[in-house]
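Written out below as structure tokens is the structure these notes cover.
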Amino acid sequence: KVFEILKRYSPLVEPMSLDEAFVDLTGCERLHGPVLKSAEKIRNEILEALGLNASIGIASNKLLAKIASAYCKPNGMLWIAPGMEQRFLAPLPIQRIPGIGPKGGAELRRMGIKSVGDLARLPLELLEEAYGKWGVSLYSKARGISDSPVIGEVEDPRSISRETTLEMDSADPLFLESTLSYLTEKAAGQLRENKLFARTVTLKLRYSDFKTVTRSKTLEMPTAEDHTLFKIGAGLLRKLFTRRVRVRLIGIAFTSLTATPYRQEGLFDSKGGQCWDDLYQGIDRIRHKYGFRSILRARSNQRDAN
DNA sequence: TCTGGGGTCCTAGGACCC
DNA sequence: TCTGGGGTCCTAGGACCC
């Protein structure tokens, strides 16, 4: 695995996604030589061990490293030397800045801001006035400033969700409910895998005309039980599914995640919860052994008949 | 990107409490 | 009884990222 290789060069490796990571090489020169040499070695090792071409950006912070690696993608290496940051950034189109997407880019161009250099000429007050927090963040980013540290350990997720685009758009409440049941089992299983409990359930529908709507509900007590979460989700579905337009996507998301099943300030024991805990632990064990679909709620299976 | 899935963060209005 | 302002939570939607 790529991360194994990276960990040999620095204990501080922050996975960004399945195929991207930040590596903090601060103070590793003594061990592995100059940073550029290390990067070169990392690239070669990845190529030899896995046959994959990696792109590497080297810079004094995560923002610049990310821009650099995106710039030399695919299969390149770019070092932004200290002191060269502004000069490197200035000619780049604004969309090279992480956080400026199609909408934001179009808006800025409408104002005559095309390059990062253009952006860097604007005073902080003006950017904040016009764009709020986003504007403030643009002010720093245009200057290559970022103090976001490389995080070693992976933090708990802020949300867990499952969604699916249906093979055929459907207006059949039973089918939708069944699909929702399946997605709930999937997401709730992941919740328990992470030893987390959810307090807010959000249902999402996308209609065949692509209009997308969500409805959410926050519970008194966080939970990771399929049946409790599904009851909430199904209730939201009934509330939400009022248009006569067919549905093309359905999804469920859990947020306000906590590591404890009860609220911090409440000391009540969740009475009767033990047998449910046992049930779901059993289900999770079976799935671990035989696969997720080896055991499903009857509700989740009705969709196959459709 | 005529449009998949799993995430993060932000905004804005309303409810509610003090 | 009416008025005011601040803080926090909940909800809905949207931009963006990989």
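Numbers restart at 1 for each chain; the letters A, B, ... are given by sequence-line order, proteins then strands. Not measured: the values here are computed from a predicted model.
Applying the ring-ring contact (aromatic ring centres under 6.0 Å, His included) test to every pair with at least one member in residues 95-133 of chain A, sequence neighbours left out, gives these pairs: A:Y131-A:W134. For residues 94-129 of chain A, the set of pairs meeting the ring-ring contact (aromatic ring centres under 6.0 Å, His included) definition, not counting sequence neighbours, is empty.
Listed by chain and residue number, nothing satisfies the ring-ring contact (aromatic ring centres under 6.0 Å, His included) test with A:H288 (two or more places apart in sequence, or in another chain). Residues satisfying the ring-ring contact (aromatic ring centres under 6.0 Å, His included) test with A:Y207, not counting sequence neighbours, are none. The salt bridge (Lys or Arg N to Asp or Glu O under 4.0 Å) check on A:R143 picks up nothing, with sequence neighbours excluded. Take A:P98 and apply the side-chain contact (heavy atoms from CB on, under 4.5 Å) test, not counting sequence neighbours, and it matches A:L63, A:K66, A:I67. A:D277 pairs by the salt bridge (Lys or Arg N to Asp or Glu O under 4.0 Å) definition with nothing, not counting sequence neighbours. The ring-ring contact (aromatic ring centres under 6.0 Å, His included) check on A:F88 picks up A:Y71, with sequence neighbours excluded.
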Show me the donor-acceptor pairs, under 3.5 Å and distance only, between side chains in residues 16-27 of chain A and residues at least two apart or in other chains.
unit_1 : atom_1 : unit_2 : atom_2 : d
A:S17  : OG     : A:D19  : N      : 3.4
A:S17  : OG     : A:D19  : OD1    : 3.0
A:D24  : OD1    : A:T26  : N      : 2.9
A:D24  : OD1    : A:T26  : OG1    : 2.5

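For DNA chain C, the neighbouring residues in residues 10-23 of chain A, judged by any heavy atom under 4.0 Å, are A:M16, A:S17, A:D19, A:E20.
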Contact pattern, 5' to 3', of nucleotides 1-13 of chain B - B, S or - by protein heavy atom under 4.0 Å: --BSSSSBS-S--

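Remark: DNA chain B takes part in the stems B:5-18 with C:5-18, each of 3 or more antiparallel Watson-Crick or G-U pairs, criterion distances under 3.5 Å.
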